[in-house]
Amino acid sequence: MLIQNGKIYLQRLLTKLSKVSLLLLFACSGLGQKFNSLFVDRAIERENKFKELVESTWIQFPKLGLYCEKEVSYHKIFCKLQTVLSFRKLSEYLGIQIFESGPHTKYYLELNSTSEFGHYNPEFPAKLREYLLPAKTNTALYTLTLPIYERLIRNTAREFFIVYQKLDSNSKFFRKEADRYILLVEENRLDPYYLDRFILFLYPAFTDNEDPEESSRFVYKKGDETIDAQVVKELVGFWIRRKADGTDTEFVLGLVDLLKLYDPEFYQNRITNQSN
């Protein structure tokens, strides 16, 4: 029996070795080179298709998902984009997973979960920066898309930046809130109305403690408090979750790229004129 088992094991080993030899032969042969070339060609083709899709989406953006108008703030933009491209297809184009964990599916965002939130793959916002602003190198496209940005995207982009800027002006508070959010989610204790405490976040008197000596201090710019309170709390929630999953820096770098291209005066004003 031992001899028989030994023969079987030897036969299996020889079979595996022959397969490995075949693969090595294939890789070193012209067939292997053709295979690699085909793989590269398909990757280039996929990238070019995605670039074309991004350009056409910018141009057609006003006509996309008219039913999305009922959505608030950035949800309206995401709704429009998802009429063109699902998360599954976007993942294929970029060659990465969009989320590392969380309740979102390949096709839509799950925004009402109290026990999970989407942890973005850190590569995702970095990849977006490579592709989402084709007008940076295309003057004709810039001229065509500037009015689209100003009419449909500018307000949301500015609101994103204003909220981030105030959160980032007190890094200790920002980190503390992200850690608290993670803990509440992990323990399934996140109240559905948790973010309501940030409705007045952009007001100069906003505080997290009644004691003036203990309360957090932020950089404030006059006029920020005019942004819709419901939008403010949604954006605070977005940035807290990005701080929690570690992608806030890459996302804000992409936002800065957008503002520098389409809204440079606003961006310069925000970073040079601030008061406590």
Side-chain angles (χ1 to χ4, degrees), residues 43-65 68 71 73-99 104 109 118 120-165 167-168 227 231 234-235 238-239 241-243 245-272:
I44 293 173
E45 181 183 3
R46 185 175 67 242
E47 181 179 358
N48 289 336
K49 282 184 178 180
F50 185 54
K51 288 179 178 179
E52 291 173 4
L53 179 63
V54 170
E55 288 190 14
S56 65
T57 299
W58 265 103
I59 295 168
Q60 297 298 323
F61 192 76
K63 301 176 182 179
L64 299 178
C68 296
E71 300 289 344
S73 186
Y74 67 95
H75 299 300
K76 183 184 298 184
I77 294 176
F78 285 172
C79 178
K80 283 177 171 288
L81 293 177
Q82 285 189 286
T83 65
V84 177
L85 194 64
S86 69
F87 281 118
R88 179 186 64 81
K89 196 64 180 177
L90 178 58
S91 178
E92 290 178 6
Y93 275 124
L94 297 179
I96 60 170
Q97 292 296 316
I98 306 301
F99 296 101
H104 305 317
L109 291 171
Y120 282 101
N121 179 346
E123 291 185 69
F124 175 60
K127 283 277 189 181
L128 290 182
R129 290 183 66 199
E130 293 180 32
Y131 295 104
L132 291 196
L133 292 177
K136 288 173 71 173
T137 55
N138 186 329
T139 304
L141 184 64
Y142 172 79
T143 302
L144 190 62
T145 55
L146 179 58
I148 295 172
Y149 170 85
E150 292 177 337
R151 183 160 60 93
L152 299 172
I153 300 173
R154 182 178 65 188
N155 286 346
T156 298
R158 288 181 174 185
E159 290 162 358
F160 261 104
F161 190 74
I162 288 168
V163 171
Y164 178 84
Q165 198 173 34
L167 282 167
D168 194 52
I227 297 176
V231 171
E234 288 282 338
L235 294 180
F238 174 87
W239 284 121
R241 289 189 292 272
R242 300 295 69 79
K243 175 64 76 173
D245 68 18
T247 59
D248 58 306
T249 299
E250 281 295 339
F251 270 108
V252 82
L253 286 174
L255 178 60
V256 167
D257 288 344
L258 176 69
L259 293 172
K260 282 183 174 180
L261 178 63
Y262 287 108
D263 213 352
E265 186 175 344
F266 164 82
Y267 176 70
Q268 286 300 321
N269 182 56
R270 293 298 305 189
I271 63 175
T272 57

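Throughout, numbering of the chain's residues begins at 1 and tracks the sequence.
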Quick one: does Asp168's side chain get under 4.5 Å of Trp239's, heavy atoms only? no
In Å and rounded to the nearest 0.5 Å, what is the CZ to CG distance from Phe87 to Leu81? 9.0 Å
Non-hydrogen atoms of Ala157 and Leu255 that approach each other most closely: O-CD1, 3.7 Å
For Ser91 and Gln97, the nearest pair of non-hydrogen atoms, with its separation, is OG-CA, 3.8 Å
So Phe78 and Tyr74, would you call those rings parallel, tilted or perpendicular, with 30° and 60° as cut-offs? perpendicular
Decide yes or no on side chain to side chain contact (heavy atoms under 4.5 Å, CB included) for Val256 and Phe161, but give the supporting numbers first. CA-CA 8 Å; Val256 167; Phe161 190 74; 4.0 Å; yes
Report the distance from atom CG of Leu258 to atom CG of Asp263, rounding to the nearest 0.5 Å. 8.0 Å
Heavy-atom side-chain proximity of Phe266 to Ile162 below 4.5 angstrom: yes
Measure the NZ-CD1 distance between Lys76 and Ile153 for me, rounded to the nearest 0.5 Å. 12.0 Å
Keeping Trp58 on the side-chain end and Leu132 on the backbone end, is there a donor-acceptor pair under 3.5 Å? yes
Test of understanding: with side-chain hydrogen bond (donor to acceptor under 3.5 Å, both in side chains), list the residues that count as partners of Thr145, not counting sequence neighbours. Tyr262
Quick one, Leu141 with Ile59, criterion side chain to side chain contact (heavy atoms under 4.5 Å, CB included). Give me CA distance, side-chain angles, the key distance, then yes/no. CA-CA 8 Å; Leu141 184 64; Ile59 295 168; 4.0 Å; yes
Those residues at least two apart in sequence (or on a different chain) that pass side-chain contact (heavy atoms from CB on, under 4.5 Å) with Leu85 are Phe50, Leu53, Lys89, Leu90, Tyr93
Do you know which two heavy atoms are closest between Pro147 and Leu144, and how far apart they sit? CD-O, 3.5 Å
For Val231 and Ser73, work out which heavy atoms get closest and say how close. CG1-OG, 3.5 Å
Report yes if some heavy atom in the side chain of Glu55 is under 4.5 Å from a heavy atom in the side chain of Glu52; otherwise report no. no
Can you list everything that forms a salt bridge (charged side-chain N to carboxylate O under 4.0 Å, His left out) with Arg46? Sequence neighbours excluded, please. none
Would a distance-only check, ignoring hydrogens and angles, find a side-chain to backbone donor-acceptor pair under 3.5 Å from Gln165 to Arg270? yes
Less than 4.0 angstrom from a charged side-chain N to a carboxylate O is my criterion; do Lys51 and Glu47 meet it? yes
Can you name the nearest heavy-atom pair linking Leu152 to Pro62, along with the distance? CD1-CA, 3.6 Å
Between Phe160 and Phe251, ring centroids under 6.0 Å: no
What distance separates Phe61 CZ from Ile77 CD1, expressed to the nearest 0.5 Å? 5.0 Å
Residues at least two apart in sequence or cross-chain that pass side-chain hydrogen bond (donor to acceptor under 3.5 Å, both in side chains) with Asp257, listed by chain then number, are Arg129
Gap separating the CG atom of Leu64 from the CD atom of Gln82, nearest 0.5 angstrom: 12.0 Å
Which value, rounded to the nearest 0.5 Å, describes the distance between Glu250 atom CD and Phe124 atom CZ? 12.0 Å
Sequence neighbours excluded, which residues qualify as side-chain hydrogen bond (donor to acceptor under 3.5 Å, both in side chains) partners of Asn121? none
Once side-chain hydrogen bond (donor to acceptor under 3.5 Å, both in side chains) is applied, do any residues pair with Glu234, and if so which ones, sequence neighbours excluded? His75
